[in-house]
Amino acid sequence: MTRSLIRELSEKVGERVTVRGWVQTVRDQKRMQFVIVRDETGLAQAVLGKDDPPGELNDAVSALTAESAVTVTGTVVADERVKLGGLELKLDALQVDSPAEPELPVAADSALDKRIDWRYMDLRRPDRRLIFEVQTTAEHAMREFWRGDGFIELHTPKFMGSASESGAELFKVEYFDREAYLAQSPQFYKQMAMAAGFGRVFEVGPVFRANPSFTSRHDTEFTSVDVEISWIDSHEDVMAFEEAWLAHVLTVVKQTHGPAIEATFDTELVVPAVPFPRVTLEDSKTMLREAGHDAPGAGHDLDPPSERALSALIREQHGHEFTFVTDYPTTVRPFYHMRHVEDPTLTKSFDLLWRGIELTTGAQREHRYEQLMAQARDKKVDVAPIQYYLNFFRFGAPPHGGFGFGLTRLLMQMLGQENVREVTFLYRGPHRLEP
RNA sequence: GGGGGCGUAGCUCAGCCGGUUAGAGCGCUGCCCUGUCACGGCAGAGGUCGCGGGUUCGAGUCCCGUCGCUCCCGCCA
C-alpha cells in the first residue's frame with residue numbers, strides 16, 4: 001500500500017490508508033487504545049477498541065514505545081470528538097519498523113549541548129524541521145535572484161596551499177607529503193572569477209575558521225554565502241545589490257513561512273524597506289556617544305555591545321532593522337579593501353548589521369596591481385605565498401567588490417533563535433566534532 | 001586565550017548556616033480506568049551528587065586541582 005502523508009488525510013475520509021512515521025504518544029486504556037503518529041507533515045491519531053481478552057493487535061499497541069518508527073494502516077474516519085483535526089485512523093494493522101528504547105536520552109527542554117549529542121532526535125520536532133524548511137526556501141530565493149541577475153555559481157576549492165589572509169585562524173591539514181589549509185573564505189577565488197571575466201558570481205559553501213570562539217554566534221565550520229560583482233563604481237553598488245537581494249529573500253520567506261514562523265518562534269519577519277540606512281563607522285560612534293553609550297575609540301571596530309546599541313538606535317530613528325556601517329579604517333580591514341581617494345586611511349567597505357548582529361562584511365576590492373602591492377606592503381603582508389592571487393590583477397582586472405554573508409546568522413535572526421547551533425544541522429566548534 | 005555561571009535519577013530541576021535515610025515533576029515498570037487527546041488514579045524501580053585530593057567527628061553543601069558545559073569579551077560571518 002502506498003504511503004499517505006498525514007497532511008493529506010482530510011481528503012481521504014472513508015479510505016483505507018497507510019501512514020508511516022514515529023510514535024508520539026500511546027494512550028492505552030481499558031477499552032480503547034490511541035496512538036498518536038507523527039510524520040514530517042503532521043500528527044494523526046490512530047484508534048483501536050480493546051478486545052477482552054486483548055487481541056494480538058491490542059498487545060502490539062500496548063508494547064509500543066514513544067519514537068518507534070512504525071507503519072500503521074486503517075480507515076480514515078471523521079469524528080468530531082477528536083481534537084487533532086477531527087480525524088482518526090481506525091487501526092487494523094501495525095508494523096513496528098524499528099522500535100525505540102523506552103527511555104529517551106533527550107527532551108525538547110534539554111540543554112542545547114545534550115540535544116546536539118542526540119541531534120537526530122532533536123530534529124524530529126516539527127519546530128526544528130521548520131528551521132531547515134526556511135533555510136531551503138531562503139537559499140532558493142537567493143538563487144532565484146542571482147539567476148535573474150546573470151550570476152554564475154562557483155564551487156571553489158576548500159584546500160589551499162597558503163593562508164588567504166592572516167595565518168592565525170587557519171586549520172592546517174596533512175596533504176600527502178606537505179601541509180595544506182582549509183579555506184577560511186572563497187575570497188581570493190571569487191576575485192579570480194572577476195579576473196576571468198565571469199562578471200557576477202556567488203557561492204554557497206563551507207568555510208573553516210580555527211578561532212577558539214565560545215559564543216552563541218561562532219562556529220569553526222559554517223556555510224558562507226559569497227557574492228562578487230564586476231564593473232562597480234564603488235562599494236555603494238555592492239550594498240545596493242545586497243539590500244535588494246536580501247529584501248527579496250525575506251519577502252519570499254515571509255510569504256512561504258511567515259505564519260508558521262510567527263506561530264512557532266513568536267518572531268515577526270519584517271520585510272525591510274530599501275534602501276537600508278547607512279552610517280559611517282565614525283558617525284555611528286558619534287551617534288552612540290550622543291545617546292549615552294560607550295563606543296570604541298578611533299581605529300577600532302564596533303564591539304558587540306555597541307553593535308546592538310547601534311541597531312537599537314537605528315530602529316528608533318529610522319524604524320529599520322538593518323544597518324550598513326561603512327568606511328572602516330584600514331587598521332581593521334584587510335589589505336585588499338580599496339581605499340578612499342579623499343582619505344586613504346579609510347576603506348570603501350561596509351558591514352551589515354541585522355538586529356544587532358553582524359551578517360556581512362563587504363567592500364570594493366583594490367583591482368590595480370601596483371596599488372594592491374603597495375597596500376600589501378603597507379599592511380606588512382608577506383606577498384610571496386599569495387603571488388598567485390596578486391597575479392590575478394596583472395592582466396586586466398575589472399573594478400569589483402562583493403561581500404561574505406553568514407547563512408546561519410541570517411537564519412538565527414530570522415527565527416529568533418539565540419544560538420547559531422540551533423540553526424546548524426550539525427554544529428562544529430572547538431570542542432565539538434561529533435556527531 | 002581572559003572573565004562570569006553551571007555540573008545532583010533517563011530528562012528538567014530543588015536541596016537553607018556542613019548533620020545522620022538525597023527530593024520533586026516528567027519519563028520508565030506494574031496494576032486500575034467506556035473515547036483519550038498535556039488523559040486520570042494507585043504502587044514501584046531508578047543516584048559513584050562530573051572526577052581527584054583536602055578540611056572536618058561528619059561534605060551534594062566548604063577549600064584546592066582537574067574535566068566538561070554555558071554565556072560574555074577578544075576574533076569574526
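All values reported here derive from a predicted model rather than from experimental measurement.
Where A/Asp301 and A/Pro305 meet RNA chain B, the nucleotide closest to each residue was compared, and A/Pro305 sits on the side nearer the 5' end.
Nearest to the side chain of A/His218, among B/C69, B/U34, B/A77, sits B/A77. The listed nucleotides are B/C71, B/A77, B/G74; the one nearest the side chain of A/Thr408 is B/A77. With B/C71, B/A77, B/G74 as the candidates, the nucleotide lying closest to the side chain of A/Phe222 is B/A77. When the nucleotides B/G74, B/C76, B/U34 are ranked by their closest atom to the side chain of A/Glu307, B/C76 comes out on top. Of the candidate nucleotides B/U36, B/C71, B/C76, B/C71 has the atom lying nearest to any side-chain atom of A/Phe214. Relative to the side chain of A/Thr361, the nucleotides B/U36, B/C76, B/A77 differ in distance, and B/A77 lies closest. When distances run from any side-chain atom of A/Glu88 to the nucleotides B/U29, B/G35, B/C76, the shortest one goes to B/G35. Relative to the side chain of A/Lys30, the nucleotides B/C33, B/G74, B/C76 differ in distance, and B/C33 lies closest. Of the listed nucleotides (B/G35, B/C71, B/A77), B/A77 has the atom at the smallest distance from the side chain of A/Arg409. Distance from the side chain of A/Glu358 is smallest to B/A77 among B/G1, B/A77, B/C72.
Counting non-hydrogen atoms of other residues, nucleotides and ligands closer than 6.0 Å to CD of A/Glu144 gives a total above 12. The number of heavy-atom neighbours closer than 6.0 Å to CE of A/Met192, taken from other residues, nucleotides and ligands shown, is 12 or below. Applying the 6.0 Å contact sphere to NZ of A/Lys172 captures no more than 12 heavy atoms from other residues, nucleotides or ligands.
Contacts of A/His318 classified as ring-ring contact (aromatic ring centres under 6.0 Å, His included), with partners at least two apart in sequence or in another chain: none. A/Phe159 meets the ring-ring contact (aromatic ring centres under 6.0 Å, His included) test with A/Tyr175; sequence neighbours excluded.
For the pair A/Ser68 (side chain) and A/Leu64 (backbone), a donor-acceptor distance under 3.5 Å is absent. Judged by distance alone, with hydrogens and angles left aside, the side-chain atoms of A/Thr331 form a donor-acceptor pair with the main-chain N or O of A/Gly299 at under 3.5 Å.
Under 3.5 Å, the side chains of A/Thr71 and A/Asp97 contain a donor-acceptor pair of N or O atoms.
At a threshold of 4.0 angstrom between heavy atoms, the contacts of A/Ser216 are confined to the sugar-phosphate backbone, with no base atom among them. At a threshold of 4.0 angstrom between heavy atoms, the contacts of A/Val82 include nucleobase atoms, whether or not backbone atoms are also involved. Residue A/Asp226 is out of contact with every strand shown, counting any heavy-atom pair closer than 4.0 Å. As judged by a 4.0 angstrom heavy-atom cut-off over every strand, A/Glu101 is placed among residues making no nucleic acid contact. Counting non-hydrogen atoms under 4.0 angstrom, A/Arg333 reaches nothing in the nucleic acid. Contact annotation for A/Pro212: base contact, defined as any heavy-atom pair under 4.0 Å involving a base atom. Backbone-only engagement by A/Asp303 is indicated by non-hydrogen atom pairs under 4.0 Å involving sugar-phosphate atoms exclusively. Nucleic acid contact for A/Arg115: none, since no nucleic acid atom lies under 4.0 Å from a heavy atom of the residue.
A straight line from CD of A/Gln187 to P of B/C76 spans 14 Å, rounded to a whole angstrom. Look at CD on A/Glu169: it is 11 Å from P on B/C75, rounded to the nearest Å.
A salt bridge is defined here as a Lys NZ or Arg NE, NH1 or NH2 lying under 4.0 Å from an Asp or Glu carboxylate O, and A/Arg432 with A/Asp117 meets this definition.
Classified by interplanar angle (parallel below 30°, tilted 30° to 60°, perpendicular above 60°), the ring pair A/Phe151/A/Phe202 is tilted. Ring geometry, A/Phe276 versus A/His320: the interplanar angle falls from 30° to 60°, so the pair is classed tilted. Ring geometry, A/Phe188 versus A/Tyr336: the interplanar angle exceeds 60°, so the pair is classed perpendicular (tilted spans 30 to 60°).
Residue A/Arg217 places no side-chain N or O under 4.0 Å from the OP1 or OP2 atom of B/C75.
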Sugar-phosphate or base contact per nucleotide [nucleotides 7-13 of chain B; S, B, -; heavy atom under 4.0 Å]: ---BSS-

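Applying the 90° criterion around 0 to the glycosidic angle, B/C49 comes out anti.
Within a heavy-atom distance below 4.0 Å of RNA chain B, the residues of residues 66-81 of chain A found are A/Asp79, A/Arg81.
Under the stacking criterion of a centre-to-centre distance below 5.5 angstrom and an interplanar angle below 30°, A/Phe34 is not stacked against the six-membered ring of B/G35.
Applying the salt bridge (charged side-chain N to carboxylate O under 4.0 Å, His left out) test to pairs two or more places apart or on separate chains, those with a residue in residues 284-305 of chain A are A/Glu282-A/Lys285.
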Intra- and interstrand pairs of RNA chain B - dot-bracket, Watson-Crick/G-U under 3.5 Å, | marks other strand: (((((((..((((.....[...)))).(((((.......))))).....(((((..]....))))))))))))....

